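Residues: numbered from 1 along the sequence shown. What you see is a predicted model; the values in this text were computed from it and never measured.
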Amino acid sequence: MLINKIVARSETRRNNQDYYKPNEDYLIVDNRNRIYIICDGVTRNLIDGRYPDPSPSYLAAKVFAESVHRNILLNLYFNNPFQNLTDAIIYGNSRIAELNSERIKARQKILPGTVGVVAQIIRDKMYCIYLGDCSVWRFRNNKVERITNSQTQKIKQQSNPLASFITREDFYNNPKNPFGYGVFTGEEESLYFLEKAITDIQKGDVLMLTTDGMDLIFQSDNLIRLRDHDPTSLIDYVERLELDRCCTSDDKSIITLRTIYSD
């Protein structure tokens, strides 16, 4: 069956850190071509006690998302969906390399970059290429399924006290490290961590693409109740949970896709 109508809604909101840090998430919602991109710029270190604004990682996320989107449109009817998405991501990563060219020449260890999901719906399937810890969820009837995996989950579960002495550059874009994860920084090593996901979609399904700032709401035992909430309400809910649990606040972004009818 063909999915004839998708209602897309989205929102992004800055963190509530105790110091000013600009929003580093970036979204593209192209419902006409059914292309959806969600990016989470990877947080940089403070410089002299302040966070750089504009954020280098936000610029990386923006350049990446817009470049990938343009490239997908140029090749919309060529090759297979996964190949198109992969080619577009390779191009987007090369654009970040241009953005980071001076930092690369200076041999800066940690480059501004982004993680994210690039998704396209064709007929009755969603195709995703992703890297990092953004996520895609599918709500169907009384079941919720996570479509993507988190590449940073191993680190979050690491209880080894020695881990505190391991620097971030030991993990990111390091395929030799068992806890390694990918970040689009323009480096070729980023592409080693690309993963694919595909899911069928049907009438009544709700799909959610989120940055990891939304993760708290997906830790509930009763996830199905989330399907009817709009993005604003979902972000409000996460902020309340953070306040209750005294959690660090991250940028929060979400795209919801609701299938209305099919033939």
Side-chain angles (χ1 to χ4, degrees), residues 10 12 21-45 51-120 127-134 136 148 151-152 168-169 171-175 180-197 209 211-212 251 253 255:
S10 64
T12 182
K21 185 173 84 71
N23 191 342
E24 295 176 312
D25 293 352
Y26 196 82
L27 311 178
I28 289 181
V29 178
D30 178 357
N31 218 31
R32 178 179 180 181
N33 296 294
R34 297 185 176 177
I35 300 167
Y36 309 97
I37 302 173
I38 189 162
C39 290
D40 182 355
V42 177
T43 296
R44 316 310 306 154
N45 296 323
Y51 202 84
D53 190 5
S55 162
S57 294
Y58 169 78
L59 296 177
K62 183 176 187 292
V63 164
F64 176 79
E66 292 180 351
S67 301
V68 168
H69 182 233
R70 287 196 302 270
N71 193 270
I72 294 173
L73 293 179
L74 287 173
N75 300 286
L76 206 54
Y77 303 108
F78 297 95
N79 302 318
N80 63 66
F82 277 136
Q83 188 62 56
N84 281 345
L85 296 181
T86 301
D87 290 346
I89 285 171
I90 292 171
Y91 174 70
N93 194 52
S94 72
R95 296 286 288 116
I96 297 180
E98 294 175 17
L99 188 70
N100 284 336
S101 59
E102 292 303 316
R103 293 182 174 91
I104 293 172
K105 289 178 183 177
R107 298 188 177 183
Q108 183 173 315
K109 288 185 177 181
I110 300 180
L111 299 170
T114 185
V115 296
V117 177
V118 179
Q120 184 176 17
Y127 299 84
C128 304
I129 303 281
Y130 65 96
L131 178 156
D133 51 14
C134 293
V136 179
T148 58
Q151 294 181 350
T152 62
R168 182 161 47 175
E169 57 262 33
F171 290 119
Y172 101 113
N173 291 342
N174 183 357
Y181 61 90
V183 180
F184 294 117
T185 58
E187 298 164 294
E188 291 186 5
E189 290 84 356
S190 307
L191 304 176
Y192 174 88
F193 291 91
L194 290 181
E195 294 192 39
K196 299 178 182 179
L209 289 74
T211 56
D212 68 329
D251 301 327
S253 297
I255 301 170

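Remark: the backbone N or O of Leu111 is paired with a side-chain donor or acceptor of Tyr172 at under 3.5 angstrom. At distances below 3.5 Å, at least one donor-acceptor pair connects side-chain atoms of Thr211 with backbone N or O atoms of Ser253. Remark: side-chain polar atoms of Thr148 are paired, donor with acceptor, to backbone N or O of Val136 under 3.5 angstrom.
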### Query
Could you go step by step and tell me if Glu189 and Asn174 meet the side chain to side chain contact (heavy atoms under 4.5 Å, CB included) rule?
CA-CA 7 Å; Glu189 290 84 356; Asn174 183 357; over 6 Å; no
### Task
Check the pair Glu66 / Tyr26 against side chain to side chain donor-acceptor pair (under 3.5 Å), numbers first and verdict last.
CA-CA 9 Å; Glu66 292 180 351; Tyr26 196 82; 2.5 Å; yes
### Task
Report the C-alpha separation of Ile35 and Ile28 in whole Å, then their side-chain angles, then the decisive distance to 0.1 Å, and conclude whether the side chain to side chain contact (heavy atoms under 4.5 Å, CB included) test is met.
CA-CA 8 Å; Ile35 300 167; Ile28 289 181; 5.6 Å; no
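The minimum heavy-atom distance linking Gln151 with Gly182 is given by the pair OE1-N, 3.3 Å. Closest of all the heavy-atom pairs between Phe82 and Cys128 is CE2-O, 3.5 Å. In plain terms, the two heavy atoms of Ala197 and Tyr130 that are nearest each other are CB-CE2, 4.0 Å. The two residues Ala60 and Gly113 make their nearest non-hydrogen contact at CB-CA, 3.9 Å. The two residues Asp25 and Gly41 have their closest heavy-atom pair at OD1-N, 4.4 Å. Here the closest heavy-atom approach between residue Pro22 and residue Asp251 is recorded as O-OD2, 3.8 Å.
Put simply, the side chain of Asn31 reaches to within 4.5 Å of the side chain of Tyr36, judged on heavy atoms. Using a 4.5 Å cut-off on side-chain heavy atoms (C-beta onward), Asn75 and Gln83 make no contact. Residues Ile89 and Phe64 are in side-chain contact: their nearest non-hydrogen atoms beyond the backbone lie under 4.5 Å apart. With a 4.5 Å cut-off on side-chain heavy atoms, Ile37 and Cys39 count as touching. Counting heavy atoms from C-beta on, the side chains of Ile72 and Asn84 never come closer than 4.5 Å. Under the 4.5 Å side-chain criterion, counting only non-hydrogen atoms from C-beta, Val42 is not in contact with Ile110. Contact annotation: the side chain of Leu76 approaches that of Gln120 to within less than 4.5 Å [non-hydrogen atoms, C-beta and beyond].
To the nearest 0.5 angstrom, Ile90 atom CD1 is 11.0 Å from Leu85 atom CG. Atoms CG and CD1, on Leu194 and Ile129 in that order, are 6.5 Å from each other to the nearest 0.5 Å. Between the CD1 atom of Ile96 and the OG atom of Ser57 there is a distance of 9.5 Å, given to the nearest 0.5 Å.
Listed by first then second residue, pairs satisfying salt bridge (charged side-chain N to carboxylate O under 4.0 Å, His left out) with a partner in residues 70-99 read Arg95-Glu98, not counting sequence neighbours.
Every residue two or more places apart in sequence or in another chain that forms a side-chain contact (heavy atoms from CB on, under 4.5 Å) with Tyr192 is listed here: Pro175. Judged as a side chain to side chain donor-acceptor pair (under 3.5 Å), and not counting sequence neighbours, the contacts of Asp53 are Tyr20. Looking at residues two or more places apart in sequence or on another chain, you find no side chain to side chain donor-acceptor pair (under 3.5 Å) involving Asn100. Partners of Asp40 by salt bridge (charged side-chain N to carboxylate O under 4.0 Å, His left out), not counting sequence neighbours: none found. Residues forming a side chain to side chain donor-acceptor pair (under 3.5 Å) with Tyr51 (at least two apart in sequence, or on another chain): Glu24. Listed by chain and residue number, nothing satisfies the salt bridge (charged side-chain N to carboxylate O under 4.0 Å, His left out) test with Glu188 (two or more places apart in sequence, or in another chain). Among residues two or more places apart in sequence or in another chain, the side chain to side chain donor-acceptor pair (under 3.5 Å) test is passed with Asp30 by Asn33, His69. Under the ring pair (Phe, Tyr, Trp, His ring centres under 6.0 Å) criterion, Tyr91 pairs with no residue, sequence neighbours left out. For Ala97, the side-chain contact (heavy atoms from CB on, under 4.5 Å) test picks out no residue, with sequence neighbours left out. Residues satisfying the side-chain contact (heavy atoms from CB on, under 4.5 Å) test with Asn93, not counting sequence neighbours, are Phe184, Ser190, Leu191.
A side-chain donor-acceptor contact under 3.5 Å links Thr12 and Asn23.
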